[in-house]
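Okay, structure first, notes after.
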Amino acid sequence: MPELPEVESVKRALEPVLVGATFATVELRRKNLRIPFPRRFVDRLVGTTITAVTRRAKYLLATLSSGETLLMHLGMTGGFRVTHARIDGGYRSEDGLDDERHDHVVFSLSSGATVTFNDARRFGLMDLVRRGALDAHPVLGRLGPEPLAAAFDAAALARACCGKSVALKLALLDQRVVAGVGNIYASEALWVAGLSPKRKAATIATATGRPRPTAERLAAAIVEVLELAIAGTGPRFRVYERAGGPCLRQGCGGTVTRIVQGARSTFYCPACQK
DNA sequence: ATTGAGACCTGTCGGC
DNA sequence: TGCCGACAGGTCTCAA
């Protein structure tokens with residue numbers, strides 16, 4: 001599920017359930033996900049009220065009345081199931097994360113709603129961050145620009161890629177370059193921009209780090225691809241998982257190809273992505 | 001400092 | 001059917 005657009009969707013679904021609600025009970029079913037839960041995790045949550053739910057890159061942040069922030073990452077397989085207690089005591093599931101073996105955290109809210117975190121591979125994480133400490137947090141502090149914020153543009157992208165000998169696709173996966181793009185949307189954005197995933201990242205910038213036209217195209221493509229995915233309109237993927245299929249660019253006629261970069265799949269059209 | 005490889009986990013799918 | 005390897009949308013750590 002989770003690259004930036006999917007995390008944004010989760011944030012929007014969770015927001016009306018969480019904001020204004022108080023944690024009545026918190027059930028922790030294991031002591032760690034990718035990292036250990038922070039000490040006194042349950043005690044620090046119970047009784048606090050959620051005042052806001054926001055997103056930074058692929059991280060979800062729930063601001064608490066205690067002044068702390070609940071930081072959550074979905075890893076590869078994480079997600080939430082929301083249920084509402086009914087008069088008859090039964091429950092109505094609102095989506096389909098079925099496998100209860102992988103339910104790791106159960107939040108019971110004052111509203112009667114239950115929010116359950118499920119994560120089969122346990123690459124997700126939860127942490128509690130004290131007021132004012134968010135920017136210094138080991139995972140948040142290193143993130144690059146938010147692609148859908150004003151601070152992200154061709155100049156920022158070019159600056160981040162300047163001098164980098166890594167492949168452009170791998171640079172897009174580097175969260176310090178642009179925060180929130182993952183394996184799918186890196187391929188998608190490169191296709192939209194007509195740029196080869198194999199070209200060196202530095203080639204979109206001048207020697208002094210100024211944006212070339214390729215950087216303009218790529219920055220715009222990243223924004224377009226992410227916004228389209230959040231909106232949920234239009235066909236799913238244009239190259240991702242389409243190896244062997246025809247390139248969808250008008251008049252191209254090429255064939256989508258799968259290659260491996262940094263041990264991950266990249267999909268692109270060798271005919272039109274240069 | 002950058003870069004590539006391996007690690008962390010579990011599930012699913014295709015081939016033999 | 002059973003087993004085995006390859007692969008999965010993320011990120012960290014370590015060695016070169």
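To find a chain, count down the sequence lines: A is the first, B the second, and so on, and within it residues start at 1. We use all heavy atoms of the structure for the numbers below, so side chains are in, but hydrogens, waters and symmetry mates are not.
Using cut-offs of 30° and 60° for the angle between ring planes, the A:Tyr59 and A:His73 rings count as perpendicular. The aromatic rings of A:Phe237 and A:Tyr240 stand perpendicular to each other, their planes meeting at an angle above 60°, with 30° marking the opposite boundary.
Here C:dG9 sits opposite no nucleotide as a Watson-Crick or G-U wobble pair (both hydrogen-bonding atom distances under 3.5 Å).
Look at A:Gln175 and you'll find a side-chain N or O under 4.0 angstrom from OP1 or OP2 of C:dT11. In terms of phosphate contacts, A:Arg258 brings a side-chain nitrogen or oxygen within less than 4.0 Å of OP1 or OP2 of C:dC7. At least one side-chain nitrogen or oxygen of A:Arg142 sits closer than 4.0 Å to the OP1 or OP2 atom of C:dC12. When the side-chain nitrogen and oxygen atoms of A:Arg122 are compared with OP1 and OP2 of C:dG10, none of them lie within a distance under 4.0 Å. Distances shorter than 4.0 Å separate none of the side-chain N or O atoms of A:His73 from OP1 or OP2 on C:dG10.
The A:Tyr59 side chain lies nearest to C:dC12 when the options are C:dA8, C:dG10, C:dC12.
A distance of about 22 Å separates the C1' atoms of B:dT12 and C:dT11, rounded to the whole Å.
In this structure, CZ in A:Arg122 is found 6.5 Å from CG in A:Asn32, a value given to the nearest 0.5 Å.
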Set out, in order, the CA-CA distance, both residues' side-chain angles and the distance that settles salt bridge (Lys or Arg N to Asp or Glu O under 4.0 Å) for A:Lys58 and A:Glu3, then state yes or no.
CA-CA 6 Å; A:Lys58 300 170 194 170; A:Glu3 290 186 34; 5.7 Å; no

Using the rule given for salt bridge (Lys or Arg N to Asp or Glu O under 4.0 Å), can you reason through A:Arg238 versus A:Glu224, listing the C-alpha separation, both sets of side-chain angles and the distance that settles it, and then say yes or no?
CA-CA 13 Å; A:Arg238 288 178 271 195; A:Glu224 178 196 314; 3.5 Å; yes

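Two residues are said to be in side-chain contact when any heavy atoms from C-beta on lie closer than 4.5 Å; A:Phe123 and A:Leu33 fail this criterion.
For the pair A:His102 and A:Arg34, both in contact range of DNA chain B, the more 5′-proximal nearest nucleotide belongs to A:Arg34.
Read 5' to 3', the first and last nucleotides of DNA chain B with an atom closer than 4.0 Å to a heavy atom of chain A are B:dT3 to B:dG11.
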